[in-house]
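See below for the structure under consideration.
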Amino acid sequence: MVESHLLDLLRSRFSAAIATVLGDNAAPIDPLIRVSQDAKFGDYQCNAAMSLAKRLSAKPHDVAKRIAESVDLGDIAEPLEIAGPGFLNIRLKNDFLAAHIADILAGSDEFPGRLGVAPTAQPLRVIVEYSSPNVAKLMHVGHLRSTILGDVFGRVLSFIGHDVIRQNHVGDWGTQFGMLIAWYADHPMPSDSVDFLAATEEDYKLAYAKFREDAEFAERARLAVGRLQSGDPDARCVWQQICRASRAAFLATYRQLRVLLTDEDVRGESFYNGRLADCVESLRRLFPQREPGIPTPSEGFAEFREDAGAQCVFLYDAKGQPRYKGPDGNELPVIVQKKDGAYLYASTDLAALRFRAQDLKVDRIIYVTDARQKLHFQMFFGIARLAGWAPPSLRLDHVTFGSVLGEDGTPLKTRDGQNVKLHELLEEAVARAAAVVDENEARRAAEPGYTPLAAEERARIARAVGIGAVKYADLSRDRNGDYLFSFDRMLSMQGNTAPYMLYAYARIRSIYRKAAERDSTTASPSARLTLSAAAERALALRIARFGEAIDIVAADLLPHVLCAYLYDLAADFMRFYEECPVLQADGATRASRLRLCDLTARALRLGLDLLGIETIDRM
RNA sequence: GCACUCGUAGCUCAAUUGGAUAGAGCAUCGGCCUUCGGAGCCGAGGGUUGGGGGUUCGAAUCCCUCCGAGUGCGCCA
């Protein structure tokens, strides 16, 4: 086994030592290896002694001593230090650390370009369902987090080696199309321009107003729903035009956002239309009303029955009590078919899950939607499990996130209370970034020997910084909470922001440009690394820990952990940059430092790429 | 009423899922430009982790209980 991470390596060494201490037939114990919070406690620490003390009826300090005597770290760490009640502080040898990042991470290992991250031993087929905007409407801030987060999950899981299927579950079906079809029978449809969605969104508002005022129009709209669903060519033609133009607009936004979703990832609600009736009938068969007196299974059960004219599934726990209740205290059903016969999103989600499990044969489905839909997903997962459509081997995750709030702490809206259009928000971010770039250029123009940036390159930088800032600001927060949107903070150079990270990267590129100008010696892959300065060592250790962050993001779907790592990496580099001259250093030191720069740049670029953020050589 | 999320420095956020003296950025105050990009770096002050109990070697983290904020709860998605 390749112990690509230092953490893995230490775990296995300490597990062996603890096994020795405990004796032969003891169950394996987690060695509790943690990263030390303070450099004076070493690089890592083993915290197992305290918890083992009681079990061995010995003093924690003595247990720590026995572990320290048993563990084989001669080649990788300085002698262990026992501190406090029984902490074992581990300080890696400089030579080992240098060799580790040079050999394992530099691409001479079996996973070149992966910075030491090995592909998973158990690749799974994973669906990531995200973004999911509504056809005939502009995307707004409400779609931002799902789109950005879902894209990172797809990138990271794919990087880890899983077979990722992206699904854009767009809202392209439903009663609103009746109104639009009826409306466009009397009015021209907007052309497939960039403003198509803005126009259809306005038309929808007009159609909806007319629907409520004009009984004749309302009737035609209702009939149009039926015509669409029964495949009437005219109705379908209008619908298809709307869907096609909408998709083109979505794709433009995805390109702008550097999101990987393509036209082929679109599998809208309409796709499942033909499967809904069978889905509901299957539920009716699977969940008959229970005879009284039959013992309830431990996992609970479901009942299918009509209630107030709607076809419903009711969920019960192991005691036969309703799992969910409404505000009136009555049991709360999942409605799978309305009293007028129409289907709802619960039926669509169930049909989609069946399709994915049976036809796409996936091992895991990740739904990226906001936290407000939590109850829906709990109920829907519950039905899918009880129906057997989601067997225990199929992992289901509802990845939730909070709302985007404005500076006043309320959900982000325009002054007139409208949703903020996504393209407008992104354009403003790029415009603000461009202003900063221009300001910086104007200041630096006075510097001797400065070659100004071409207008085209300035624009490219502004896009990378502006879009990167919006994405990074979102991703760097723990997704569970709401998050305060602030252009000023996200475009700030200080702190955990995209510009700070991009600046660190650009500084490294600048060193390489300068090195190439002066003479041709840049980093040679065989250069020996020496870590004599504190800043060199700290940077090297940070680089070696790249895989730890990736592991956490992949396991817990928490991108902010990767952001925090990259911030620490960039900050470590900045300190190194201040303390350790690279190009002025001579011979071996210079080669070694160039190597550190190269590794830092690679880690930053790969990390940011997994976050869907573009790096730039100058800014 | 029930359920979920959250409450950490004046502000915006972390805390490797139970580890040592709770860390960053902003703001405030003070240092560093004849050296590779100062969009930078270093330092100082700033905390009863909403309150109170409990669990244990050890709690921001787990349990109970109050307080406060947000969200959801039958035919929208």
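What's counted below: heavy atoms across the whole structure, side chains too, no hydrogens, waters or symmetry copies. Each chain gets a letter, A, B and so on, in the order its sequence line appears, and its residues count up from 1.
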At under 4.0 Å between heavy atoms, what does [X] touch on the DNA or RNA strands: base, sugar-phosphate, or nothing?
| X | result |
| --- | --- |
| H376(A) | nothing |
| E548(A) | nothing |
| M574(A) | sugar-phosphate |
| K374(A) | sugar-phosphate |
| P60(A) | nothing |

Nearest to the side chain of [X], which nucleotide is it out of [options]?
| X | options | answer |
| --- | --- | --- |
| K514(A) | U16(B), C36(B), C73(B) | C36(B) |
| D328(A) | G74(B), U56(B), U12(B) | G74(B) |
| Y503(A) | C57(B), C73(B), G38(B) | G38(B) |
| P333(A) | C41(B), G74(B), G38(B) | G74(B) |
| L344(A) | U5(B), A77(B), G72(B) | A77(B) |

Could you tell me whether C33(B) is syn or anti, where syn means a glycosidic angle within 90 degrees of zero?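 Syn, since the glycosidic angle lies within 90° of 0.
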Should U71(B) be called syn or anti, with syn set as within 90° of 0?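 Anti.
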Rounding to a whole Å, what distance do you find between I550(A):CD1 and U16(B):P?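 Rounded to the whole Å, the gap is 18 Å.
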When you measure from the centre of the six-membered ring of Y483(A), is the NZ or CZ of R145(A) under 6.0 Å away and within 45° of the axis?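 Not flagged: R145(A) not positioned over aromatic ring of Y483(A).
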Hey, does the Lys NZ or Arg CZ of R545(A) hover above the aromatic six-ring of Y565(A), less than 6.0 Å from the centre and inside 45° of the axis?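 No.
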Listed partners of E269(A) passing side chain to side chain donor-acceptor pair (under 3.5 Å), at least two apart: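 Once residues adjacent in sequence are excluded, E269(A) has no partner under the side chain to side chain donor-acceptor pair (under 3.5 Å) criterion.
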Would you say a side-chain N or O of R575(A) is under 4.0 Å from OP1 or OP2 of C42(B)?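 R575(A) to C42(B) OP1/OP2: side-chain N or O found under 4.0 Å.
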Ring-on-base stacking between F87(A) and A20(B), under 5.5 Å between centres and under 30° between planes: is it there?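 By the stated criterion, F87(A) and A20(B) stack.
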Tell me, with the steps shown, if K471(A) and D474(A) meet salt bridge (Lys or Arg N to Asp or Glu O under 4.0 Å). CA-CA 5 Å; K471(A) 297 179 81 170; D474(A) 195 325; over 6 Å; no
